Amino acid sequence: MLLAIDCGNTNTVFSIWDGERFLCTLRTSTEHQRTADQYYVWLSTLLAHHRIPMEIDAVIISSTVPRVVFNLRVLSDRYFNCRPLVVGKPECLLPKLPRVDEGTQVGPDRLVNSAGAFDRYGGDLIVVDFGTATTFDVVAQDGAYVGGVIAPGVNLSLQALHEMAAALPHVDVTKPQKVIGTNTVACMQSGIFWGYVGLVRGVCDRIRGEYDRPMRIISTGGLAPLFGQGDTLFDEFDEFITIHGLRIIYDFNKAQGNV
Ligand SMILES: Nc1ncnc2c1ncn2[C@@H]1O[C@H](COP(=O)(O)OP(=O)(O)O)[C@@H](O)[C@H]1O
Ligand SMILES: CC(C)(COP(=O)(O)O)[C@@H](O)C(=O)NCCC(=O)O
Ligand SMILES: [K+]
């Protein structure tokens with residue numbers, strides 16, 4: 001069984017595969033203090049709940065938080081007796097190398113999203129991932145990540161507004177009925193929702209302006225479904241792009257005899 005771990009700045013998602021068969025996804029908050037033993041207790045409890053035997057013999061990790069990788073390596077080594085593939089490390093091969101400025105450490109989630117989206121949709125893509133940050137990844141015709149855009153995440157912006165302005169409450173992000181808010185909460189929700197619709201549309205239009213071929217826009221990440229309701233911004237919504245990308249990169253390394 002393959003354990004694919006997508007560790008973002010907010011949440012860590014474990015997905016389990018039996019050969020080519022996808023079994024389940026488990027989510028926990030990202031905390032770098034969490035030890036290998038703690039991960040194992042959590043994982044074995046949930047797998048028992050799903051009646052999935054713990055037969056993991058391969059692990060691949062993508063982490064935007066470098067500090068958590070240590071404990072995930074210990075988890076793989078101690079409990080699954082294997083060395084994990086860590087996306088972004090030289091020993092993990094990529095189907096296509098990114099074409100970016102020399103010395104740039106591209107976020108591994110963006111490499112994984114590019115590989116997953118290219119496999120599903122082909123090239124000439126913008127992948128918009130609504131995570132802690134909102135990232136736009138440009139995937140070229142041949143599947144390489146060739147750059148993109150990083151904007152503050154939706155919840156991050158709302159949190160900043162609440163923390164820095166004394167009279168603004170914590171609010172949840174939602175699509176407001178009207179743009180003109182008639183109370184504080186409605187005004188904030190409008191600013192975030194319609195502001196983000198404008199941001200996504202504006203950034204994608206400008207990317208298309210700089211790119212010399214037609215592009216499709218694929219959305220993913222926790223808040224993508226919400227923005228799917230805000231005019232027709234995306235060609236596809238695919239919540240499994242990151243998981244799929246991890247699978248693709250693992251299979252590529254296996255085919256190359258690297259694992
Ligand atoms: N299904 C959901 N509904 C609402 N908010 C969500 C959902 N999933 C994630 N979020 C929120 O979206 C933000 C990004 O989450 P996530 O995609 O897990 O980020 P990351 O990959 O950076 O850890 C977080 O603030 C999280 O609380
Ligand atoms: C932009 C990110 C913080 C997004 O991470 P996430 O919101 O998924 O936790 C991550 O991809 C990252 O740390 N990138 C490094 C810089 C780069 O990709 O160019
Ligand atoms: K992510």
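Small disclaimer: the values here were computed from a predicted structure and weren't measured. For this chain, numbers begin at 1 and follow the sequence in order. Every number for a ligand or one of its atoms is a count from 1 in the order of the listing.
The aromatic rings of Y40 and Y79 lie parallel to each other, their planes meeting at an angle below 30°, with 60° marking the opposite boundary.
For atom 25 (O) of ligand 1, the closest heavy atom belonging to the protein is N155 ND2, 2.8 Å. Atom 18 (O) of ligand 1 has as its closest protein heavy atom N11 ND2, 2.9 Å. At the shortest separation from atom 14 (C) of ligand 1 among protein heavy atoms lies G131 C, 3.4 Å.
At a heavy-atom cutoff of 4.0 Å, ligand 2 is contacted by no atom of T10, backbone or side chain. Residue Q105 touches ligand 2 through its backbone alone, judged by heavy-atom distances below 4.0 Å. Counting heavy atoms closer than 4.0 Å to ligand 2, residue D109 contributes side-chain atoms (C-beta onward) but none from N, CA, C or O.
Linking ILVMFWY residues whenever their side-chain heavy atoms come closer than 4.5 Å, directly or via other members, places V200 and I126 in the same cluster.
Annotation: T132 places an N or O atom under 3.5 Å from an N or O atom of ligand 1; distance criterion only. Taking distance alone, with nitrogen or oxygen atoms compared against 3.5 Å, G107 approaches ligand 2 more closely than that limit.
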Legend entry - Worked verdict on Y121 versus D238 for side-chain hydrogen bond (donor to acceptor under 3.5 Å, both in side chains): CA-CA 11 Å; Y121 305 101; D238 187 339; 2.7 Å; yes
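Shown in contact with T135 at under 4.0 Å from a heavy atom are these atoms of ligand 2, numbered in order with element: 1 (C), 4 (C). Heavy-atom proximity to V106, at under 4.0 Å, picks out these atoms of ligand 2: 18 (O). Residue contact check: G8 has heavy atoms under 4.0 Å from atoms 9 (O) of ligand 2.
Residue Y145 forms a side-chain contact (heavy atoms from CB on, under 4.5 Å) with just one option from V112, V106, N113, and that option is V106. Exactly one residue among T64, T12, N11, N9 makes a side-chain hydrogen bond (donor to acceptor under 3.5 Å, both in side chains) with T30. That residue is T12.
Listed for the T132 side chain is a donor-acceptor partner under 3.5 Å among the backbone atoms of T10.
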